[in-house]
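Here's the structure we're looking at; comments come further down.
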Amino acid sequence: MNPAVPLVVILGPTAAGKSALAVEVALRWGGEVVCCDSTQIYRHFDIGTAKVPPAEQRGVAHHLVDLAEPQEVFTAGEYRRRALEVLSGLRRRGRLPVFTVGTGLYLRALLEGLAEAPGRAEELRERLRRRASVRGPESIHRLLARLDPASAARIAPRDTAKAIRAIEVSVQAGLPMSEVLRRPRPRLEGFSPVKIGLMPPRAALYERIERRTGAMLAAGWLEEVRGLVARGVPPDAKPFQFIGYSQLRAHLSGVVDLAAAAGAIQQATRRYAKRQITWFRREPEVQWFEGFGDDPVIQEGAIATLGTRLGPAATGT
RNA sequence: GCCGGGGUAGCUCAGAGGUAGAGCGCGGCCCUGAAAAGGCCGGCGUCGGCGGUUCGAUUCCGUCCCCCGGCA
């Protein structure tokens, strides 16, 4: 068994400056960035998902971006498998993994593992969705209550997405999902995570979200969306549900003017940031910094904290 | 200056003699293969100011201030 090696995790809400800090850390300790973001997985959806442009990568390798085509469905389990591959490569080459985490579930799937459970069953999902739209979301919940009362008690009656997953698992596994979840989970071995959290003041974060939306539009976001539609990416492709892409598609089809679309994007982003904050607050053993990751003062503090765990910087830049 | 209309939550507004609600916003939360998804909870308030009537006024009366129209 190899001794545990460090792994850096940088987490925080969208627009908190995770990417900039990650590149700094990677440059200091000879690391490579590993993205943990469910949207940057998709190819061709670049501007709105805030992928790091090559110039800002400053020669640092970025992993787990552009893994899937827009019409594919990517999952937390798939993320875990791909991340483990990347980690073993980095370990072999003696490079420090620096995760930028916007998607809390994916991080949890990697660090704590997922219970061994059946994967998606598209046909069953489709049937259940149809049932939900014809007979109402509660009908799905009633079905679940018969298959798995414990899960039904835990899942809200109108939370169709969670109820469908619970039914899917229970049916395929032949026992209630609540039982399946009791199985041991394969925790990440051989790495000791060091977690840095970015938590800018709320007002400043919201201001930055507003400005970034404008900057993304100025950078050609609308043209990107127009191009995706033109090249035939189907409207029901997963990434078209992401924040901004749905609103800009509505704008292109003439339903709303651009200003209204931009306002809706900003609002959706604020809500998303709030949900991320709620999730990350429960993450254990995080060293929190109350500012932005591209602020030199915050970077200095984070790097000093990391220094106590990683030792002095391997490369002096 | 005169005549209307109006000042109630962050915004738009409803309401009624017994200290107030809706939508949006905002805040809090949940989460095991769609997670930028999906779901749950919360009113956060000098009812423009000051007097008066009343057991009780945000509601009725007076007055002042402010906003929006129209006429000057």
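Order of the sequence lines fixes the chain letters, A, B, ..., with proteins taken first and strands second; residue numbering starts at 1 for each chain.
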Worksheet item: Taking NZ, NE, NH1 and NH2 as the nitrogens, is one of them in A/E24 or A/R58 under 4.0 Å from a carboxylate oxygen of the other?
Response: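 Counted as a salt bridge, because a side-chain N and a carboxylate O are separated by less than 4.0 Å.
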Fill in: Pairing of A/K51 and A/D66 as salt bridge, 4.0 angstrom limit
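The answer is yes: the pair qualifies as a salt bridge.
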Any idea which of [options] is nearest the [X] side chain?
X	options	answer
A/L105	B/rG33, B/rG28, B/rA34	B/rG33
A/R120	B/rG28, B/rA34, B/rC24	B/rA34
A/L114	B/rC29, B/rG33, B/rA34	B/rG33
A/T278	B/rC30, B/rC24, B/rG28	B/rC30
A/K162	B/rG33, B/rG38, B/rC29	B/rG38
A/R270	B/rC26, B/rG38, B/rC29	B/rC26
A/R282	B/rU32, B/rC40, B/rC30	B/rC30
A/R202	B/rG27, B/rC24, B/rC40	B/rG27

Fill in: Between B/rA35 (P) and A/Q40 (CD): distance, integer Å
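That distance rounds to 13 Å.
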Discussion item. Can you measure A/R275 atom CZ to B/rG27 atom P for me and round it to whole angstrom units?
Written reply: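 It is 12 Å, rounded to the nearest whole Å.
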Rounded to whole angstrom, note down the [atom1] distance from [N] over to [M].
N	M	atom1	answer
B/rG62	B/rU54	C1'	16 Å
B/rG56	B/rU19	C1'	10 Å
B/rG43	B/rG38	P	25 Å
B/rC30	B/rG17	C1'	44 Å
B/rA37	B/rU32	C1'	14 Å

Practice prompt. For B/rC44, give its Watson-Crick or G-U wobble partner with both distances under 3.5 Å, or none.
Written response: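 Across all strands, the one nucleotide that pairs with B/rC44 is B/rG25.
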Worksheet entry | Pairing nucleotide - B/rG38, Watson-Crick or G-U, each distance under 3.5 Å |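 B/rC30 - that is the nucleotide pairing with B/rG38, both distances being under 3.5 Å.
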Practice prompt. Find which nucleotide of RNA chain B each of A/Y272 and A/Y206 is nearest to by heavy atoms, and output the residue with the more 5' nucleotide.
Written response: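 Of the two residues, A/Y206 wins.
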Practice prompt. Report the glycosidic orientation of B/rG5: syn if within 90° of 0, anti in every other case.
Written response: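 What B/rG5 shows is an anti base, its glycosidic angle lying more than 90° from 0.
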Worksheet entry | B/rA34 base / A/R125 side chain donor-acceptor hit below 3.5 Å |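 Such a pair exists between side chain and base.
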Worksheet entry | N/O donor-acceptor pair, side chain A/R165 with base B/rU32, under 3.5 angstrom |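 Looking at the base of B/rU32, it does not pair with any donor or acceptor on the side chain of A/R165 (distance under 3.5 Å).
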Mind listing the side-chain donor-acceptor pairs of residues 298-311 of chain A below 3.5 Å, one per line with the distance, residues two or more places apart or on another chain?
from: A/Q299; atom 1: NE2; to: A/G293; atom 2: O; distance (Å): 2.9
from: A/T305; atom 1: OG1; to: A/G301; atom 2: O; distance (Å): 3.1
from: A/T308; atom 1: OG1; to: A/T305; atom 2: O; distance (Å): 2.6

Worksheet item: Under 4.0 angstrom, heavy atoms only, what part of the nucleic acid is A/A117 near: base, sugar-phosphate, or nothing?
Response: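 Base contact - A/A117 has a heavy atom under 4.0 Å of at least one base atom.
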Considering only distance and modelled atom types, tabulate donor-acceptor pairs under 3.5 Å from the side chains of residues 94-112 of chain A, sequence neighbours left out.
from: A/R95; atom 1: NE; to: A/E32; atom 2: OE2; distance (Å): 3.1
from: A/T103; atom 1: OG1; to: A/S38; atom 2: N; distance (Å): 2.9

Worksheet item: Does atom CD of A/E126 have more than 12 heavy-atom neighbours from other groups under 6.0 Å away?
Response: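 Yes - once you tally the heavy atoms of other residues, nucleotides and ligands closer than 6.0 Å, there are more than 12.
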